[in-house]
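One structure is given below, encoded as structure tokens.
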Amino acid sequence: MTTFTYSPAIEDLPRKLKARKLLTWLLLFAIVMFFAGLTSAYVVSMSGGYWVDIRLPDAFLVSTGCIAVSSLFIQMALTRVRRGEMGGVPLLIAFTLAFGIGFTVSQFQGWGQLVDKGNFVVGKVLQNTGTYGQDWTIRHQGQELVLEDGKFYMPDDTQRRTALNADLDEQKNTASSYIYALTAAHLAHLGLGLVSLVVMLVLAARGAYTQADHAGLWAGTMYWHFLGILWVYLFLFLTFVH
């Protein structure tokens with residue numbers, strides 16, 4: 001005769017996983033809506049007056065590489081746990097954390113490169129010190145302004161009669177402010193992800209995850225993948241949408 005031992009912990013696993021998945025998807029949906037609002041405001045702002053087309057700093061490319069590699073490591077950790085292969089899981093999570101920290105460092109380096117070229121959180125259009133046409137370009141109603149002898153002109157002003165510098169001197173560099181806002185908001189969410197990775201690392205080191213019970217690791221992995229996808233979206237958006 002076969003006997004079954006009732007275990008509340010095991011019986012609750014499906015319900016626990018379902019609840020964790022629901023909370024995770026709700027959190028991701030809320031973040032998606034938040035960034036959809038920010039990027040929509042960015043697009044609307046582009047149509048109002050002057051707009052600075054800023055070349056993104058090279059450090060943001062490093063950020064992209066770090067977040068992509070980190071996603072591979074955390075997925076490998078989740079896959080191993082699902083297979084019941086617990087060896088190496090803490091190390092994989094530690095690698096994920098290391099590349100997450102690398103992402104954070106490169107973000108600060110990117111902001112430093114923006115500042116070096118005169119793009120501030122709150123600044124004016126003409127504070128830009130980069131090479132015009134390479135590091136930055138000013139557009140008005142979709143038309144790229146021409147720079148000659150330190151003066152800006154509309155492209156159809158072939159006689160160079162009306163310099164726009166006086167008008168530009170009063171203009172805020174809204175594009176720069178948006179770059180800081182979008183990347184800082186993403187980094188704030190990534191900070192939560194780094195905390196989650198530390199918690200997952202400790203739990204994995206203690207052997208808390210099993211093949212049957214790893215809802216926390218699943219949620220943390222999904223959140224980290226989401227941050228990676230979100231960053232790639234923001235990077236492409238800021239690169240190609242001007």
Side-chain angles (χ1 to χ4, degrees), residues 14-48 51 53-57 59-79 81-82 92-93 96-97 99-108 110-111 114 119 121 174-201 214-242:
R15 187 170 56 187
K16 178 182 175 183
L17 180 59
K18 185 177 180 180
R20 185 65 66 93
K21 284 185 174 181
L22 178 61
L23 289 173
T24 301
W25 295 131
L26 287 175
L27 173 64
L28 300 189
F29 178 75
I31 297 174
V32 166
M33 296 306 294
F34 173 73
F35 279 93
L38 278 180
T39 51
S40 296
Y42 177 98
V43 172
V44 171
S45 298
M46 287 174 57
S47 60
W51 185 260
D53 180 1
I54 302 170
R55 179 178 177 272
L56 291 184
F60 284 177
L61 276 174
V62 178
S63 300
T64 307
C66 286
I67 200 80
V69 173
S70 68
S71 276
L72 289 176
F73 279 123
I74 195 64
Q75 182 60 42
M76 289 168 66
L78 178 62
T79 300
V81 172
R82 281 173 168 171
L92 290 169
I93 298 175
T96 307
L97 180 61
F99 278 96
I101 293 172
F103 176 91
T104 304
V105 172
S106 61
Q107 289 285 284
F108 280 97
W111 291 337
L114 284 171
N119 297 297
V121 176
T174 310
S176 177
S177 300
Y178 268 110
I179 291 175
Y180 283 104
L182 287 166
T183 54
H186 177 269
L187 189 61
H189 287 86
L190 189 121
L192 177 61
L194 291 176
V195 173
S196 299
L197 286 174
V198 172
V199 173
M200 290 189 292
L201 176 59
H214 54 270
L217 179 62
W218 175 88
T221 301
M222 293 303 108
Y223 184 70
W224 195 258
H225 286 328
F226 170 77
L227 291 174
I229 294 170
L230 179 60
W231 170 253
V232 171
Y233 162 72
L234 291 176
F235 182 79
L236 295 177
F237 177 84
L238 293 172
T239 299
F240 295 108
V241 178
H242 300 298

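By convention here, the first residue in the shown sequence is residue 1.
- For Trp218, there are no side-chain hydrogen bond (donor to acceptor under 3.5 Å, both in side chains) partners two or more places apart in sequence or in a different chain.
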*Might you work through the side-chain contact (heavy atoms from CB on, under 4.5 Å) test for Leu197 and Phe99, ending with a clear yes or no?*
CA-CA 11 Å; Leu197 286 174; Phe99 278 96; over 6 Å; no
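- At least one side-chain heavy atom of His186 sits less than 4.5 Å from a side-chain heavy atom of Phe103.
- To the nearest 0.5 Å, the span separating CD1 on Ile179 from CD1 on Ile54 amounts to 4.0 Å.
- By the 4.5 Å heavy-atom criterion applied to side chains, Val241 and Thr39 are not counted as neighbours.
- Remark: Val81 engages Met86, Val89, Tyr209, His214, Leu217 in a side chain to side chain contact (heavy atoms under 4.5 Å, CB included) (not counting sequence neighbours).
- With rounding to the nearest 0.5 Å, the separation of CD1 in Ile229 from CG in Leu234 is 12.0 Å.
- Taking 4.5 Å as the limit, every side-chain heavy atom of Leu114 sits out of range of all side-chain heavy atoms of Ser176.
- Residues that satisfy the side chain to side chain contact (heavy atoms under 4.5 Å, CB included) test with Val105, not counting sequence neighbours, are Ile101, Gln109.
- The side-chain hydrogen bond (donor to acceptor under 3.5 Å, both in side chains) search around Ser177 returns none, not counting sequence neighbours.
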Using a 3.5 Å cut-off and no angle test, enumerate the donor-acceptor pairs between side-chain atoms of residues 59-67 and protein atoms at least two apart in sequence or in another chain.
| unit_1 | atom_1 | unit_2 | atom_2 | d |
| --- | --- | --- | --- | --- |
| Ser63 | OG | Ala59 | O | 3.3 |
| Ser63 | OG | Ser106 | OG | 2.5 |
| Ser63 | OG | Gln107 | NE2 | 3.0 |
| Thr64 | OG1 | Phe60 | O | 2.9 |
| Thr64 | OG1 | Trp231 | NE1 | 2.9 |

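- With sequence neighbours excluded, the residues forming a side chain to side chain contact (heavy atoms under 4.5 Å, CB included) with Leu236 are Val232, Phe240, listed by chain and number.
- Once rounded to the nearest 0.5 Å, the distance linking OG1 of Thr183 with CZ of Phe235 reads 12.0 Å.
- Considering CG of Leu38 and CG of Leu182, their distance stands at 5.5 Å, rounded to 0.5 Å.
- By the side-chain hydrogen bond (donor to acceptor under 3.5 Å, both in side chains) test, Tyr180 pairs with no residue at all, sequence neighbours left out.
- Taking each heavy atom of Ala215 and Leu17 in turn, the nearest pair found is CB-CD1, 3.8 Å.
- Rounding to the nearest 0.5 Å gives a distance of 12.0 Å between CE of Met222 and CG of Leu227.
- Residues forming a side chain to side chain contact (heavy atoms under 4.5 Å, CB included) with Thr104 (at least two apart in sequence, or on another chain): Phe108, Leu187, Leu190, Leu194.
- Ile74 is listed as a side-chain neighbour of Ile93, based on a closest heavy-atom distance under 4.5 Å.
- Scanning both residues, Phe34 and Ala185, for their nearest heavy atoms gives CE2-CB, 3.8 Å.
- Applying the side chain to side chain donor-acceptor pair (under 3.5 Å) definition to pairs two or more places apart or across chains, those involving residues 219-230 are Ser70-Trp224, Ser71-His225, Gln75-His225.
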Identify every side-chain donor-acceptor pair in residues 24-33 under 3.5 Å, counting partners at least two apart or on other chains, and give the distances.
| unit_1 | atom_1 | unit_2 | atom_2 | d |
| --- | --- | --- | --- | --- |
| Thr24 | OG1 | Arg20 | O | 2.7 |

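- With sequence neighbours left out, the ring-ring contact (aromatic ring centres under 6.0 Å, His included) criterion links Phe35 to His189.
- With sequence neighbours excluded, the residues satisfying ring-ring contact (aromatic ring centres under 6.0 Å, His included) with Tyr178 are Tyr42.
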